[in-house]
Amino acid sequence: EGFEEIHILGLWTDWRDPELLHFLDSQLKNRMRRNEQIIAKLQGFGMDISMDEVMALSHGGACGRPHIARVLWHKGYVTDVRTAFVRYLGRRGSAYVPRVLSSPEKGIAALAAGGGIVALAHPCISNSVTVKKLDGLLKKYIPYGLTAVEAFHTVHTPFKQRMCLRMAAKHSLLVTG
């Protein structure tokens, strides 16, 4: 529908819900596979970097490219974290691996299973979003459990805020910001 990706917010969702936990576990596994692929590429360039070093920086939480960048910096392969992204980890970097994203339908359904509010986050962040595109997006995702739209966001112009408010009213959705 003309969106590169969309962001979904789960508010007051029961984080212990089995369906949500299963979804989050699959997302975490995708992230870990991506990290392993990036590290393998960096090792292929002769860099002495391990998953254990990256995980140590995350203190047991989810880890990603910022943690890999910090290891590269700490080991002297780059002069700073920004350079790690420019040379290796950013979209044009030599060790870049694209993310594996879940479908919005799966994400919305998993959050809805937890009984909270499921909001389409900052839908008008792109200038190419029109009333027709937003209307189509809402119609598509409401059946999966979408219950709100984020109308108030720092990048939304007053015009885009009004568009979100009108669409929320049209579809009987809650408004977040």
Side-chain angles (χ1 to χ4, degrees), residues 1-38 61-69 82 85-86 88-177:
E1 296 91 12
F3 293 85
E4 182 176 327
E5 66 181 55
I6 64 169
H7 296 165
I8 308 296
L9 300 172
L11 307 170
W12 302 287
T13 299
D14 179 4
W15 60 269
R16 296 165 297 203
D17 179 78
E19 187 175 336
L20 178 59
L21 290 174
H22 176 73
F23 174 80
L24 293 174
D25 183 58
S26 70
Q27 293 300 105
L28 185 59
K29 286 177 182 171
N30 286 340
R31 179 181 282 232
M32 293 305 291
R33 274 192 293 275
R34 180 187 191 209
N35 291 339
E36 291 166 355
Q37 292 169 342
I38 291 170
C63 71
R65 292 180 303 156
H67 299 95
I68 296 170
R82 183 183 175 283
F85 275 88
V86 171
Y88 303 110
L89 306 174
R91 285 188 185 201
R92 294 189 176 143
S94 57
Y96 179 74
V97 174
R99 291 183 298 167
V100 175
L101 297 175
S102 174
S103 71
E105 294 88 346
K106 286 182 183 176
I108 292 167
L111 288 166
I117 293 170
V118 183
L120 178 61
H122 48 278
C124 295
I125 201 164
S126 166
N127 288 331
S128 67
V129 176
T130 63
V131 171
K132 184 177 179 179
K133 283 183 182 179
L134 182 55
D135 189 49
L137 200 64
L138 296 174
K139 285 178 184 175
K140 180 175 181 176
Y141 296 130
I142 288 170
Y144 294 94
L146 189 72
T147 55
V149 62
E150 184 181 34
F152 302 103
H153 188 275
T154 55
V155 300
H156 282 182
T157 64
F159 173 79
K160 297 289 185 174
Q161 288 175 0
R162 287 190 302 275
M163 180 170 59
C164 289
L165 291 170
R166 282 195 313 271
M167 288 293 105
K170 175 181 178 180
H171 295 285
S172 300
L173 295 172
L174 298 170
V175 174
T176 66

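The structure displayed is predicted, hence computed values, not measured ones.
At a threshold of 4.5 Å between non-hydrogen side-chain atoms, the residues Ile142 and Leu173 count as touching. The shortest distance between side-chain heavy atoms of Cys164 and Leu134 falls below 4.5 Å. With contacts defined as side-chain heavy-atom distances shorter than 4.5 Å, the pair Ile68/Asn35 qualifies. When side chains are defined from C-beta on, Arg65 counts as touching Ile38, because their heavy atoms get closer than 4.5 Å. Contact check for Gln161 versus Thr157: no side-chain heavy atoms found under the 4.5 Å cut-off. Residues Val149 and Thr176 fail the side-chain proximity criterion, which asks for heavy atoms closer than 4.5 Å.
Each salt bridge (Lys or Arg N to Asp or Glu O under 4.0 Å) pair with one or both residues in residues 167-176, not counting sequence neighbours, appears once here: Asp135-Lys170. The salt bridge (Lys or Arg N to Asp or Glu O under 4.0 Å) contacts involving residues 89-112 comprise Glu4-Arg91, Glu5-Arg99, Glu105-Lys140, where partners must be two or more places apart or lie in separate chains.
Among residues two or more places apart in sequence or in another chain, the ring pair (Phe, Tyr, Trp, His ring centres under 6.0 Å) test is passed with His153 by His122, His156.
Leu138 contributes atom CG, which lies 7.5 Å from atom CE of Met167 (distance to the nearest 0.5 angstrom). Taken from CG in Leu146 to CD1 in Ile117, the straight-line distance is 11.0 Å, to the nearest 0.5 Å. Atom NZ in Lys133 sits 10.0 Å away from atom CE in Met163 (nearest 0.5 Å). Taking CG of Leu20 as the start and CG of Asp25 as the end, the distance is 11.0 Å to the nearest 0.5 Å. The CG atom of Leu24 lies 8.5 Å from the CG atom of Leu28; values are rounded to the nearest 0.5 Å.
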* To do: Could you give me the CA-CA distance, side-chain angles and deciding distance for Cys63 and Arg31, then say whether side chain to side chain contact (heavy atoms under 4.5 Å, CB included) is met?
  => CA-CA 8 Å; Cys63 71; Arg31 179 181 282 232; over 6 Å; no
* Could you walk me through whether Arg166 and Val131 pass the side chain to side chain contact (heavy atoms under 4.5 Å, CB included) test, one step at a time? => CA-CA 9 Å; Arg166 282 195 313 271; Val131 171; 4.1 Å; yes
* To do: Could you give me the CA-CA distance, side-chain angles and deciding distance for Phe23 and Leu111, then say whether side chain to side chain contact (heavy atoms under 4.5 Å, CB included) is met?
  => CA-CA 9 Å; Phe23 174 80; Leu111 288 166; over 6 Å; no
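Remark: side-chain polar atoms of Ser126 are paired, donor with acceptor, to backbone N or O of Ser128 under 3.5 angstrom. The closest donor-acceptor contact from the side chain of Arg34 to the backbone of Val97 lies under 3.5 Å. Judged by distance alone, the side chain of His67 and the main-chain N or O of Gly64 form a donor-acceptor pair under 3.5 Å. A donor-acceptor distance shorter than 3.5 angstrom exists from the side chain of Thr147 to the backbone of Val118, with no hydrogens or angles considered.
In this structure, His7 places its NE2 atom where more than 12 heavy-atom neighbours from other residues, nucleotides or ligands lie under 6.0 Å away. The environment of OH in Tyr144 is sparse: at most 12 heavy-atom neighbours from other residues, nucleotides or ligands sit within 6.0 Å.
The minimum heavy-atom distance linking Leu165 with Ala151 is given by the pair CD2-CB, 3.9 Å. Nearest heavy atoms, Leu9 versus Ala121: CG-CB, 3.7 Å. Across all their heavy atoms, Val175 and Ala168 have their closest contact at CG2-CB, 3.7 Å. Annotation for Tyr141 and Ile6: closest pair CE1-CD1, 3.7 Å, computed over non-hydrogen atoms. Nearest heavy-atom pair, Glu19 versus Ala113, reported as atom, atom and distance to 0.1 Å: OE1-CB, 3.4 Å. Here the shortest heavy-atom pairing between Gln27 and Ser102 reads OE1-CB, 3.3 Å.
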